[in-house]
> 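Take this structure, written in structure tokens, and hold onto it; I'll ask about it next.
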Amino acid sequence: MADLDLDSSFIPALHKPSALLPIAKHRESLLYLVETYPVTIVIGQTGSGKSTQIPQFLEKAGWCSDGKIIGVTQSLADVTCQPRRVAATTVALRVADEVGCEIGKEVGYSIRFEDVTSSSTKVKFLTDALLIREALADPLLSRYSVIMVDEAHERSISTDILLGLLKKIRKKRPELRIIVSSATIQAEEFFDFFTRGSGQETQKEQEGRRSSDIVTIVSLEGRTYPIDILYLESPTEDYVDKAVSTVFDIHTQEGEGDILVFLTGREEIDNAIRAVADRALQLDGRHGPLQPLPLYAGLSTEQQMYVFDKPPEGTRKVVFSTNIAEASVTIDGIVHVIDCGFVKLRAYNPKTGIETLTTTPISKASASQRAGRAGRTKAGKCYRLYTEDAYQKLPETNPPEIQRSNLASTVLQLKALGIDNVVRFDFLSAPPAELMSKALELLYSLGALDEYAKLTHPLGSRMAELAVEPMMAKTLLSAPQFNCLSEMLTIAAMTSLGGNVWFYHDGERNRMESSRRKFAAEEGDHLTLLNVYQTFITKGKKEARFCHEHHLNYKSMTRAMSIRAQLKRYLERFNIKIDETLSSNQASSAVDNSRKAENIRRCLTSGYFAHAARMQPDGTYRNVEGGTVLHAHPNSLMFNRKADWVIFHEVMETGEKTYIRDITKIEKNWLVEYAPEFYKLS
DNA sequence: GAGCACTGC
């Protein structure tokens, strides 16, 4: 049995008055450290109360007295049973409650579609992406006296960028206080980052030191519930099968307590649930029933909520989950965790421009986090479906997102923040040079950067402000020339849902497909998505019932409305006129419709020329370079239709094949017409 | 004829 490190300790923070939280006794020393050191790294357990208590300590100690405010960027999912956007709001609500104020007054929050703050707000909870956006208008974030970056060890791109910005801001605003909350393993990395000079030359000198003039580390320990870690004696060939048999071993041999099983994706989860249901029929009467439940992001909200319900008396709940339950969603009552040891990780190949989604061994940090899910209320057990030897060979952490992603929007944002030399930006972990140059090339070809790699105006700066990826931003901004802005707003909103438009239960695939055919447009997926949205708004009256009848994801459709409205506000701010009367005119003639459709296809080509492909006689596609075999994704209308040239929204390699998604037919000569330089070079 | 882990503006 291996040690569990520190992540195994949990306390049920939600049910304790704040004075009893372990953090309360650290109050004085925390305030002293923040006063003394510009940067404080806080190592704290889930439930240590750091995200709710520290901002209150600071406020009471006078950090807002000169009209400045405290900002807390959040991924607060750990204290509630909600995905993090919702969680951010509930934690803000909880702090407001503790302070005794109305939400939006002294304590407020700001997330993408909701700004609940006012001129009296002193403590503001917000997402890190939103704080970066604030820096576009206020580069020194001068409103803030303290900024706390919570759960920084998750290392999202926006967290990494924010930390780089804060380090830069600190040079011009030495009075700014930065608090970084982190898991144990990564604390040293943050310490080194803030201690070293921008050129990294002092790193060696800092070895072994835990404190400098600038940075300090403080650890807030919580009470520990022990978790037994069990390994396999020999590796398994089929972890889904092994997970199912482990569920039955636990059920027949262990005391009460629900089970959480980590698998990698929907298919595995559906299979495992079927297998449990089958085998449960053979259970003898001595054991209570099992209730297997799925949990992954693609489920509707109601389906996700089942996992939080208490099972009937005597029934054992078994939740089969993706990585969503590792950090974003917390389920109470879990005593047993089964960890398959794998996760699907996204990576981006700058040479081919293709994203891959590959099943990869998890890191030790993930393994520890997963195990910790077993012991929130009492001692638990974690069954690792791999050997102890395999565990020892796992990497400490996975590479951060910024080193394995398409950086086009990140680079564009940095440029808009006034960081001209993006390659020399002080990254926590520098991305590979190929990722940077690929991003710069794309932004240049889109016209967002000029030949000196300077941000262009107004095109580049507007693209940076729009909350969609650069290719879609360019498409939107060229839409007025093609007289299709209203339609393109809808298409931008629908494509940014990322494939979650359609919804069906296990075994309902065919019915979903026939629903989808009712909205089909000859020209391809983008026009089909436009039909879906327009029908939802008009005939469907924006109702959930319409979505259920047509196998649409209601949550996604309402989200599309919000995104569309937000994009529209941005364009209005740019003084771009949007004519909404044409698009809702259902009585237009067939000729008008096909002309409109052609304009939309041309407009899409003006932004997505780099995502062009040609169909081969065998029905597969080749991209412009010709190298890669691309398949229309089975969810695409073009999956079994003929085409010549097409553009696509997204390309992704999963398993053996490379799929393109959201595909629309175009004409070859449009590519040369709208991207002459790009296609001259190719 | 076969399938997208998860956030976020």
Side-chain angles (χ1 to χ4, degrees), chain A residues 73-77 83-88 110-115 126-136 151 154-159 161-162 262-271 295-299 321-329 340 342-347 355-360 362 366 398 401 405 409-410 412-413 416 463-470 472-473 492-493 496-502 504 506 509-510 512-513 559 562-563 566-567 569-570 619-620 631-636 639-641 649-659 661-662:
Chain A
T73 73
Q74 283 288 352
S75 56
L76 294 155
R84 70 186 66 191
R85 258 174 61 88
V86 184
S110 195
I111 56 175
R112 184 169 181 181
F113 301 118
E114 255 179 292
D115 181 12
L126 72 174
T127 57
D128 40 18
L130 212 49
L131 188 58
I132 293 174
R133 203 154 270 270
E134 285 189 12
L136 282 175
E151 310 285 335
E154 286 184 11
R155 300 293 306 271
S156 68
I157 291 180
S158 46
T159 304
I161 295 298
L162 181 60
F262 284 101
L263 295 174
T264 69
R266 171 173 190 164
E267 198 181 351
E268 287 176 7
I269 289 170
D270 287 344
N271 288 341
L295 179 63
Y296 44 85
L299 291 174
S321 174
T322 62
N323 221 33
I324 193 172
E326 186 182 304
S328 303
V329 174
C340 76
F342 288 89
V343 64
K344 278 187 186 171
L345 269 192
R346 185 138 61 175
E355 280 193 315
T356 54
L357 194 62
T358 327
T359 304
T360 322
I362 57 171
S366 284
N398 285 120
E401 205 184 359
S405 303
S409 34
T410 306
L412 184 60
Q413 210 160 28
M463 281 172 62
E465 275 202 63
L466 285 170
V468 285
E469 55 168 68
M472 186 53 88
S496 54
L497 299 175
N500 287 327
V501 175
W502 306 97
Y504 57 95
D506 195 22
R509 187 187 309 279
N510 287 337
M512 183 275 287
E513 303 240 350
R559 189 173 162 77
S562 305
I563 296 173
Q566 193 189 41
L567 292 171
R569 280 197 300 277
Y570 276 115
T620 65
H631 299 263
H633 192 280
N635 280 356
S636 169
F639 180 67
N640 47 15
R641 296 189 192 207
H649 180 71
E650 202 176 37
V651 51
M652 183 167 275
E653 187 188 324
T654 51
E656 300 295 287
K657 285 183 174 176
T658 305
Y659 292 97
R661 294 169 64 96
D662 291 340

> Measure CZ/A:R346 against C1'/B:dG8 and give the value in whole Å, please.
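So the CZ-C1' distance, A:R346 to B:dG8, works out to 12 Å.
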> Output the single nucleotide from B:dA5, B:dC4, B:dA2 whose closest atom is nearest the side chain of A:P634.
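The answer is B:dA2.
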> Looking at A:E650 and B:dC4, is any side-chain donor or acceptor paired with a base atom of the opposite kind under 3.5 Å?
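Such a pair exists between side chain and base.
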> Whole-Å distance between B:dA5 P and A:E653 CD?
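These atoms are roughly 15 Å apart.
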> Between B:dC4, B:dA5, B:dC6, which nucleotide has the shortest distance from any of its atoms to the side chain of A:I324?
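Among the listed nucleotides, the one closest to the side chain of A:I324 is B:dC6.
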> Treating A:T360 as the side-chain partner and A:T358 as the backbone partner, does any N or O pair qualify as donor plus acceptor under 3.5 Å?
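Flag set: sc A:T360 to bb A:T358 pair under 3.5 Å.
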> With nearest nucleotide decided by heavy atoms, which residue, A:G265 or A:Q566, maps closer to the 5′ end of DNA chain B?
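Of the two residues, A:G265 wins.
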> side-chain hydrogen bond (donor to acceptor under 3.5 Å, both in side chains) for A:T159 and A:E154? Distances and angles first, verdict last.
CA-CA 8 Å; A:T159 304; A:E154 286 184 11; over 6 Å; no
> Working note: A:S405 + A:E401, criterion side-chain hydrogen bond (donor to acceptor under 3.5 Å, both in side chains); need CA distance, chi angles, decisive distance, verdict.
CA-CA 6 Å; A:S405 303; A:E401 205 184 359; 4.5 Å; no
> Nearest to the A:K657 side chain among B:dC9, B:dA2, B:dC4, which nucleotide is it?
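It is B:dA2.
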> Ignoring hydrogens and angles, are the base of B:dC4 and the side chain of A:R661 linked by a donor-acceptor pair under 3.5 Å?
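A donor-acceptor contact between them is present.
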> Pick base, sugar-phosphate or nothing for A:H633, based on heavy-atom distances below 4.0 Å to the nucleic acid.
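Answer is sugar-phosphate: A:H633 comes under 4.0 Å of backbone atoms only.
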> Provide, to the nearest angstrom, the distance between the CG atom belonging to A:N640 and the C1' atom belonging to B:dA2.
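After rounding, the gap between these two atoms is 11 Å.
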> Can you name the ring-ring contact (aromatic ring centres under 6.0 Å, His included) partners of A:Y659, sequence neighbours left out?
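A:Y659 satisfies ring-ring contact (aromatic ring centres under 6.0 Å, His included) with A:H633 once adjacent residues are dropped.
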> Quickly work out the A:E355 CD to B:dA5 C1' distance and round it to whole Å.
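Roughly 12 Å, once rounded to whole Å.
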> Could you work out which one of B:dC9, B:dA2, B:dC6 sits closest to the side chain of A:A129?
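Out of B:dC9, B:dA2, B:dC6, the nucleotide with an atom closest to A:A129's side chain is B:dC9.
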> If you compare every side-chain N and O of A:T127 against the phosphate oxygens of B:dC9 (OP1, OP2), does one of them come in below 4.0 Å?
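Affirmative; the distance criterion is met.
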> What is the distance, to the nearest angstrom, from the CE atom on A:M512 to the P atom on B:dC4?
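In whole Å, B:dC4 P and A:M512 CE are 12 Å from each other.
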> Hey, are A:T73 and A:D128 close enough side-chain-wise for a donor-acceptor pair under 3.5 Å?
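Result is no, nothing qualifies.
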> Could you tell me how far apart A:N398 (CG) and B:dT7 (P) are, to the nearest whole angstrom?
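It works out to 17 Å between those atoms.
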> Check whether any side-chain nitrogen or oxygen of A:T654 sits under 4.0 Å from OP1 or OP2 of B:dC4, and answer yes or no.
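Yes.
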> For a quick test of reading the model: is some side-chain N or O of A:T322 closer than 4.0 Å to OP1 or OP2 of B:dC6?
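Answer yes for this pair, as a side-chain N or O of A:T322 is under 4.0 Å from OP1 or OP2.
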> Just how far, in rounded Å, is C1' of B:dA2 from CD of A:E656?
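Roughly 13 Å, once rounded to whole Å.
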> Going by ring centres under 5.5 Å and near-parallel planes (under 30°), is A:F639 stacked on B:dA2?
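Stacking between A:F639 and B:dA2: absent.
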> What integer distance in Å separates A:N323:CG from B:dA5:C1'?
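Taking CG of A:N323 and C1' of B:dA5, I get 7 Å after rounding.
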> Sequence neighbours left out, what passes ring-ring contact (aromatic ring centres under 6.0 Å, His included) with A:F639? Give chain and number order.
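If we apply the ring-ring contact (aromatic ring centres under 6.0 Å, His included) test to A:F639, skipping adjacent residues, there are no hits.
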> Determine the contact category for A:L357: base if any of its heavy atoms lies under 4.0 Å from a base atom, sugar-phosphate if only primed atoms, P, OP1 or OP2 are that close, otherwise nothing.
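Contact class for A:L357: base.
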